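One structure is given below, encoded as structure tokens.
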Amino acid sequence: MEKLTQQEEDAMQTIWLTGGGFIKDFLEQMPEPKPPYTTLASTVKNLEKKGFLESEKLGNTYRYTPRIKAEDYKKRFMNGFVGDYFKNSYKELVAFFAKDQKISAEELKEIIDMIENKKAE
């Protein structure tokens, strides 16, 4: 799965949020400053070419739906990110944020609780 550009990722976030629709629907849901319609249309076409979206022609317009779930993209992206920047070590990732004070001891305890509860299932 190809990594998305920031512009493509922004569009996909909106498309995942809406569950699919028309370009005008996506544009309405996007935060300010909204991209021009033609820019978003071009981005959506690129996402379709990359296999992230499928389209259905309805009259003289297209309805787009996601082909990839947001969760699947996040997993792939995070695995690649951790592999590229943290030598495939999630421990190194957490240590990075702890050293930079981006994660608190309380949050770390919550993460440990999540892990322990997952093992108990």
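Small disclaimer: the values here were computed from a predicted structure and weren't measured. Just the heavy atoms: all of them, side chains too, but no hydrogens, waters or symmetry mates, feed the values below.
- Residue K49 forms a side chain to side chain contact (heavy atoms under 4.5 Å, CB included) with just one option from L47, L53, N46, and that option is N46.
- Contact between W16 and K69 at its shortest, heavy atoms only, is NE1-C, 3.8 Å.
- Residues E54 and E48 fail the side-chain proximity criterion, which asks for heavy atoms closer than 4.5 Å.
- I15 and P66 get closest at one heavy-atom pair: CG2-CG, 3.9 Å.
- Using a distance-only test at 3.5 Å, with no hydrogens or angles considered, a donor-acceptor pair links the side chain of N117 to the main chain of D113.
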Distance-only criterion, 3.5 Å: show the donor-acceptor pairs between side-chain atoms of residues 20-35 and protein atoms not counting sequence neighbours.
unit_1: D25; atom_1: OD2; unit_2: F22; atom_2: N; d: 2.9
unit_1: K34; atom_1: NZ; unit_2: L27; atom_2: O; d: 3.2
unit_1: K34; atom_1: NZ; unit_2: E28; atom_2: O; d: 3.1
unit_1: K34; atom_1: NZ; unit_2: M30; atom_2: O; d: 2.4

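- With hydrophobic clusters built from ILVMFWY side chains whose heavy atoms lie under 4.5 angstrom apart, Y64 does not share a cluster with L17.
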Please tabulate, one pair per line, all N/O donor-acceptor pairs under 3.5 Å involving side-chain atoms of residues 4-12, not counting sequence neighbours.
unit_1: T5; atom_1: OG1; unit_2: E8; atom_2: N; d: 3.1
unit_1: T5; atom_1: OG1; unit_2: E8; atom_2: OE1; d: 3.4
unit_1: Q6; atom_1: NE2; unit_2: D10; atom_2: OD1; d: 2.8
unit_1: Q7; atom_1: NE2; unit_2: T43; atom_2: OG1; d: 3.0
unit_1: E8; atom_1: OE1; unit_2: T5; atom_2: N; d: 2.9
unit_1: E8; atom_1: OE1; unit_2: K50; atom_2: NZ; d: 2.7
unit_1: E8; atom_1: OE2; unit_2: K50; atom_2: NZ; d: 3.0
unit_1: E9; atom_1: OE1; unit_2: Y73; atom_2: OH; d: 3.0

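- Environment of CZ in F77: crowded, with over 12 heavy atoms of neighbouring residues, nucleotides or ligands closer than 6.0 Å.
- Counting heavy atoms of neighbouring residues, nucleotides and ligands inside a 6.0 Å radius, atom CZ of R63 exceeds 12 of them.
- From R67, atom CZ reaches atom OG of S55 across 10.0 Å, with rounding to the nearest 0.5 Å.
- In this structure the side chain of K91 never reaches within 4.5 angstrom of the side chain of F96, judged on heavy atoms.
- Between the side chain of K109 and the backbone N or O of I111, no donor-acceptor pair lies under 3.5 Å.
- Note that CD1 of I103 and CD of E110 are 9.0 Å apart. Values are rounded to the nearest 0.5 Å.
- Grouping the Ile, Leu, Val, Met, Phe, Trp and Tyr side chains by contacts below 4.5 angstrom, directly or via other members, places Y90 apart from I112.
- Under the 4.5 Å side-chain heavy-atom criterion for ILVMFWY residues, a single connected hydrophobic cluster contains both M114 and L93.
- Applying the side-chain contact (heavy atoms from CB on, under 4.5 Å) rule to P36 yields the partners T38, T39; only residues at least two apart in sequence or on another chain are considered.
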